[in-house]
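Working notes for the structure below.
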Amino acid sequence: MSTDRYNANDAEARWQKIWDEAKIFNTSTEIEQSKNPYYVLEMFPYPSGRIHVGHVRNYTMGDVVARYKRAKGCDVLHPMGWDAFGMPAENAAMKNNTHPKSWTYENIASMRKQLKSMGLSLDWSREFATCDVEYYHKQQQMFVDFLDAGLIYRKNAKVNWDPVDMTVLANEQVIDGKGWRSGAEVEQRDLTQWFMKITDYSEDLLSALDELDGWPEKVRLMQKNWIGRSEGMRVKFEMSEQVGDFTNLEVFTTRHDTIFGASFLAIAADHPLSLELAEQNAELANFNAECRKIGTSAAAIETAEKHGFNTGLTVKHPITGTPLPIYVANFVLMDYGTGAVFGCPAHDQRDLDFARKYELTVTPVVLPTGENPDAFYVQNEAYVGEGTLFNSDFLDGMSIDDAKEAMAKKLEALKFEGTPQAERQVNYKLRDWGISRQRYWGCPIPVIHCDDCGPLPVPKENLPVILPEDINFDKPGNPLDRHPTWREVDCPKCGKAAKRETDTMDTFVDSSWYFARFTKPEADTPTEPSIANHWLPVDQYIGGIEHAILHLLYSRFFTRAMQKTGHLDLKEPFKGLFTQGMVVHETYKNDSGWLSPDEVSISEKDGKRIAVHIDTGAEVKIGGIEKMSKSKRNTIDPDDIIAAYGADTARWFVLSDSPPDRDVIWTEAGVEGAHRFTQKVWRTMGEIAALGAQHQPIDNGQLSDWALELRKHIHQTVEKIDEMLNTLKFNSAVAQIHSTANQVDAAIKKAKSSKANDHDLNALLESGRIVVQMFAPMMPHLGEECWQELKCEGLVSTTPWPEIDKALTVVDSVTMPIQINGKKKAMLELPINADEAIIKEKVLALEVVQTALGGNEPKKLIIVPKRIVNVVV
RNA sequence: GCCCUCUUGGCGAAAUUGGUAUACGCAACAGACUUAAAAUCUGUGGGUCGAAAGACCGUGCCGGUUCAAGUCCGGCAGAGGGCACCA
């Protein structure tokens, strides 16, 4: 027995070694050995060099799930890898004259060591990095398959160009008009790029969201909005005169009910008609160039005035035949719908602004309920609400929905040059995913460009296309472009000299299928389908909300694409998704700038917290609680915490304070509290061990009252913790274990102060054992240490979840609050199955109730079995 | 501008999904042990009034539904997040 302080550093290293040597967390690769598969995965880290507390929180949560599910009898797959391609490696190479490869692998080595010090129950035998040739080789194989399947194509497109990172960005990577990494204002450039046909799956990606009930509603909604489905019509407007091949203009609208309110047509500056007209019209050419210059940033859009250029051309209104002027307008987007719209100023704010500026007619056609049609007019605010159609010929008197349907039928029936005037159409905001990046440190796109044969995929037998290592970063841009020999290659078709593609893939491609690779990381093909199908979908995926759209949408698309190309047979990669909150910390500042927490000492005076500089003693300003960042210097290094308190303390703390999906505030006091608990548990288990009890079956009939109560409490707690861990309510589980530990302490006191029989002591030992089993997924090293102290068999890490004695979890009586007129006035202990007549009798006999009734019958008596009684007087 | 989420003690939070509001922890205060401190243990702890028993008020604000509202409905305010010239 030991009442010494628990030495976490010593114990943790010891148990990690034991787990590692016994390989207890390695998952069998034999498919038939996993009858009850459970795949838990945390989003793999980018190897930046050091883990941060956000990682600690993320990986601890996943580890608790993994260890808990293992104890519940699942065959758990819990792998780890590295999202290892990307810009920072190149930036470091340029800055420090290192090679991206060595920089990356060195970072991986140090982060692996850090993760191992956390005692995570990972299957390290499956580890890989996306920059491993074996991994990107398989990715290139899939690229070729996707290309064959028509899922990848090449097009010249206007792309988002990041002038700082000197690369193209996907739409999803442009945030407020700025590059997601560099923060630089994004420019528009014309480039020929490779695209993945994610839009083929727009409808499927959208509708399948409804079935992802293991996902947070918030994420589903964000993806729904991002995909942006809208139902409308494509309507042809006949031009009054032909221009080139144009006899009509086609627009997309969702408000065909308001077509009688149309007063102009507007087309994008890049619309083919606008370009054609500009060839003869220098003024228009100028205007188009101006439009292109206007950025896509939020600021630019907000301040950009509506500009239009009157082409002098007109179209005929499809019903009335009235001529409507055609404008080229800066607010019309070429890449949505048809790049042309009809303007209905009365019912669209943007159209109204435009109409007022160019003095176009404003005809209201939707009348708000209760308004007088003769008195209703639109001034400077468009009316976009519900109402009844008017000024609209055959639509008059209809609701908006009815009018849409009537107009749709009418236009579909009309013919224009032999085809219907209009067709119903569904549009999506989702764009195809541009994956070409002009970077070195990424997966090479396996394509060869031949002057005669065009772009051709590298034949699979010639894969992988390996990144050359002899490169330099003297100049900005892609060093692959400047490599003396790497590009030179023979055309796989005609054999003539040809050139390799030098673009590499967006790193989001790498992370779109790694979860599938983990199921068999040594396979010669990207996946071994039968094994991947066995493990997938991931049962519980855990990561940050910042990936709600990018990574999670790409992965959903990729899974479908892999299904189409035979690499998998499922659509949705992640059955359960959990998005954890950030770890935040107070900030400190003095005149010279931000201070790190270890430069500051905090004390309390008159209820106010005061911070002073640890060296100078000068007062320091306590700032807001913010996301940990290097710039604010409010970061905490997990290594320091583990060295000072141990991994279990860090794990317990990140689980304890806040619900896991909310931000958690890192406080020194909180960590100390967590550490205190580890010591307390160690002492408690030491005391139990000293009682000399035996691991033997317990006869409830032989127990003293307090011991029976303890056993009941413990067995009921197992059920609660079960529920909490299943629903990832770690903070509640921590609270419950605290409370239970207090009960055990109280029971030890009872055992010492009263005559405890052997059964009592055995029950106490059992309680200790079960408490250990309940907290072991969260504090695994302390768990093993206590397990050993209690002389339990084997390792707690491989021991099944405690069996509960059902007889003890049956609750036979309940203390019910008795309310009078909804206010609690008394408590009454009743048998759990007491029938209402008995309850009524007992309640009415209560003195408070008698007084309140004053001899009258209650007006109402509400009895909710097992819950509450309310007497209404 | 549009969409969404959140708001409970000094602080992080809990509340069986409409049924005892504030569990558990942190910080605080008081006591025990100690020469002393640390560590540990015990106790107190929403507000107002009261010596006490107790009474009244109380989950951002206003209103509603209900025997009963932190929880449901309507409105308002504040904080956070997503999208954004999407026709």
Side-chain angles (χ1 to χ4, degrees), chain A residues 3 5 175-177 216-219 221-226 228-230 232 251-256 258 266 268 294 296 298 300-302 304 306 329-333 335-344 347-351 353-354 384 427-431 545-546 548-549 604 607-609 653 656-659 661-665 667-674 676-677 679-680 683 720 723 729 731-742 745 749 815-827 858-864 866-873:
Chain A
T3 49
R5 286 176 69 75
I175 294 150
D176 284 344
E217 194 50 46
K218 187 171 143 184
V219 176
L221 195 71
M222 279 164 75
Q223 292 212 353
K224 190 181 165 194
N225 290 338
W226 186 264
R229 181 183 202 273
S230 53
V251 306
F252 175 71
T253 179
T254 56
R255 291 302 302 272
H256 36 286
T258 65
I294 294 171
T296 50
I301 287 161
E302 255 167 43
K306 310 280 173 273
N330 64 344
F331 63 84
V332 181
L333 305 173
D335 64 356
Y336 185 79
T338 61
V341 299
F342 80 77
C344 175
H347 305 293
D348 183 294
Q349 191 59 47
R350 206 184 33 206
D351 294 347
D353 295 345
F354 191 81
V384 294
N427 260 339
Y428 301 89
K429 291 182 198 170
L430 187 66
R431 296 280 95 88
I545 185 75
E546 66 272 20
I549 296 171
E604 197 150 339
K608 271 193 168 180
R609 297 174 69 248
F653 173 71
S656 67
D657 245 24
S658 287
D661 53 349
R662 231 182 276 180
D663 289 352
V664 62
I665 305 169
T667 63
E668 198 59 23
V671 177
E672 274 166 16
R676 222 174 293 147
F677 185 70
Q679 297 296 347
K680 176 200 162 101
R683 276 194 306 275
K720 285 191 199 166
E723 164 74 16
K729 289 183 171 177
N731 58 322
S732 296
V734 166
Q736 183 60 53
I737 287 169
H738 265 287
S739 175
T740 300
N742 289 339
D745 277 345
K749 289 214 170 64
T815 307
M816 292 217 285
I818 310 303
Q819 295 181 330
I820 295 170
N821 290 339
K823 289 189 177 172
K824 183 183 66 171
K825 293 289 172 181
M827 300 297 275
K859 280 190 194 146
K860 226 174 189 181
L861 183 67
I862 287 123
I863 298 172
V864 184
K866 300 176 203 173
R867 285 277 158 78
I868 204 162
V869 176
N870 192 7
V871 187
V872 184
V873 294

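Here is how names work: the chains are called A, B, and so on, in the same order as the sequence lines, proteins then strands, and each is numbered from 1. Since we're looking at a predicted model, the values are computed, not measured.
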For nucleotides U71(B) and G60(B), find the distance between their C1' atoms and express it as a whole number of Å.
16 Å

Using the C1' atom in both, what is the distance from U5(B) to G54(B), to the nearest Å?
42 Å

Nucleotides 14-20 of chain B: protein proximity per nucleotide (B base, S sugar-phosphate only, - neither; heavy atom, under 4.0 Å):
SSBS-BB

Can you tell me if the side-chain N/O atoms of Arg683(A) get under 4.0 Å from OP1 or OP2 in C41(B)?
yes

Should A52(B) form a Watson-Crick or G-U wobble pair with both distances under 3.5 Å, which nucleotide is its partner?
none

Across all strands, who's sitting opposite C83(B) as a Watson-Crick or G-U wobble pair, both distances under 3.5 Å?
G1(B)

In whole angstrom, what separates Lys859(A)'s NZ from U66(B)'s P?
15 Å

Syn if the chi torsion is within 90° of 0, anti otherwise; quick check, which is U34(B)?
anti

Whole-Å P distance, U66(B) and G12(B):
36 Å

Could you state the interatomic distance from OG1 (Thr667(A)) to CZ (Phe653(A)), rounded to the nearest 0.5 Å?
4.5 Å

Checking one value: the base orientation of G9(B), syn if chi is within 90 degrees of 0, otherwise anti.
syn

Atom pair distance, as rounded to whole Å: NZ in Lys224(A) and C1' in C4(B)
12 Å

Considering every strand shown, what is the Watson-Crick or G-U wobble mate of C61(B) when both distances are under 3.5 Å?
G75(B)

Spacing of Lys224(A) atom NZ and Glu217(A) atom CD [to the nearest 0.5 Å]:
9.0 Å

Rounded distance (Å) that lies between atom P of G82(B) and atom CG of Leu221(A)
13 Å

Identity of whatever pairs with U17(B) - Watson-Crick or G-U, under 3.5 angstrom
none

Nearest-angstrom distance from the residue atom CD of Glu546(A) to C1' of G80(B):
16 Å

Gln223(A): side chain to side chain donor-acceptor pair (under 3.5 Å) partners, not counting sequence neighbours
Arg556(A)

Spacing of NZ belonging to Lys306(A) relative to CZ belonging to Phe331(A), to within rounding of 0.5 Å:
7.0 Å

Rounded to whole angstrom, note down the P distance from C29(B) over to U17(B).
40 Å

Every protein N/O lying under 3.5 Å from an N/O of nucleotides 30-33 of chain B:
none

Compare the minimum distances between each of A87(B), G12(B), A39(B) and the side chain of Asp657(A), then state the nucleotide with the smallest one.
G12(B)

Measuring from atom CD1 of Ile818(A) to atom CE of Met827(A), what distance do you get when rounded to the nearest 0.5 angstrom?
8.0 Å

Touch check for Val332(A), heavy atoms < 4.0 angstrom, all strands: base, sugar-phosphate only, or nothing?
base

With side chain to side chain contact (heavy atoms under 4.5 Å, CB included) as the criterion, how do Ile545(A) and Lys218(A) come out once you've worked through the C-alpha distance, each side chain's angles and the decisive distance to 0.1 Å?
CA-CA 9 Å; Ile545(A) 185 75; Lys218(A) 187 171 143 184; 3.8 Å; yes

Can you find a heavy atom in the side chain of Asn870(A) that is under 4.5 Å from one in the side chain of Ile868(A)?
no

Specify the residue among Gly670(A) and Ile545(A) whose closest nucleotide of RNA chain B lies further upstream toward the 5′ end.
Gly670(A)

Restricting to side chain to side chain donor-acceptor pair (under 3.5 Å), what partner residues turn up for Ser230(A), sequence neighbours left out?
Tyr336(A)

Under the side-chain hydrogen bond (donor to acceptor under 3.5 Å, both in side chains) criterion, do Lys859(A) and Asn821(A) qualify, and how do the steps go?
CA-CA 10 Å; Lys859(A) 280 190 194 146; Asn821(A) 290 339; over 6 Å; no

Between G25(B) and Asn742(A), is there an OP1 or OP2 to side-chain N/O distance shorter than 4.0 Å?
yes

For the C1' atoms, the ones on C86(B) and on C26(B), what distance do you get once it is rounded to whole angstrom?
49 Å

Take Ile737(A) and Phe677(A), measure what side chain to side chain contact (heavy atoms under 4.5 Å, CB included) needs, and give me the verdict at the end.
CA-CA 10 Å; Ile737(A) 287 169; Phe677(A) 185 70; 4.0 Å; yes

Looking only at atom C1', what distance separates U20(B) and A15(B), rounded to whole Å?
10 Å

Show your working on side chain to side chain contact (heavy atoms under 4.5 Å, CB included) between Arg431(A) and Asp335(A) and close with a plain yes or no.
CA-CA 9 Å; Arg431(A) 296 280 95 88; Asp335(A) 64 356; 3.9 Å; yes

Quick one: label Ser230(A) by what it contacts on the DNA or RNA (base, sugar-phosphate, nothing), any heavy atom closer than 4.0 Å.
sugar-phosphate

Would you kindly give the CD1-to-P distance between Ile549(A) and C4(B), to the nearest whole Å?
16 Å

Donor/acceptor link under 3.5 angstrom from Lys429(A) side chain onto base of C83(B)
no

Drop me the distance from Leu333(A)'s CG to Lys429(A)'s NZ, to the nearest 0.5 angstrom.
10.5 Å

Nearest-Å distance for atom pair CZ/P, residues Arg676(A) and G25(B)
11 Å

Tell me, for nucleotides 54-60 of chain B in 5' to 3' order, what letter each nucleotide earns: B for a base near a protein heavy atom under 4.0 Å, S for only sugar-phosphate near one, - for neither?
-SSS---

Salt bridge (charged side-chain N to carboxylate O under 4.0 Å, His left out) against Arg229(A), all qualifying residues, sequence neighbours excluded:
Glu203(A), Glu231(A)

Please give the distance between the C1' atoms of A53(B) and U16(B) as a whole number of Å.
33 Å

Could you state the CD-C1' distance from Gln349(A) to C85(B), rounded to the nearest angstrom?
12 Å

Using the C1' atom in both, what is the distance from A28(B) to G46(B), to the nearest Å?
15 Å

Considering only C86(B), A39(B), G12(B), which nucleotide approaches the side chain of Ile665(A) most closely?
G12(B)

Starting the side chain at C-beta, find the nucleotide from C24(B), C3(B), C85(B) nearest to His738(A).
C24(B)

Check step by step if side chain to side chain contact (heavy atoms under 4.5 Å, CB included) holds for Asn742(A) and Lys680(A).
CA-CA 10 Å; Asn742(A) 289 339; Lys680(A) 176 200 162 101; 2.8 Å; yes

Partner of U42(B) by Watson-Crick or G-U wobble geometry, both contacts under 3.5 Å, or none?
A30(B)

Rounded to the nearest angstrom, tell me the gap between atom CG in Asp661(A) and atom C1' in G81(B).
13 Å

Under 4.0 Å between any heavy atoms, over every strand shown, what does Asp351(A) touch: base, sugar-phosphate, or nothing? Just pick one.
nothing

Arg431(A) side chain near C86(B) phosphate (N/O to OP1/OP2, under 4.0 Å):
no

Identified side chain to side chain contact (heavy atoms under 4.5 Å, CB included) counterpart of Val869(A) within the set Leu861(A), Ile862(A), Ile820(A):
Leu861(A)

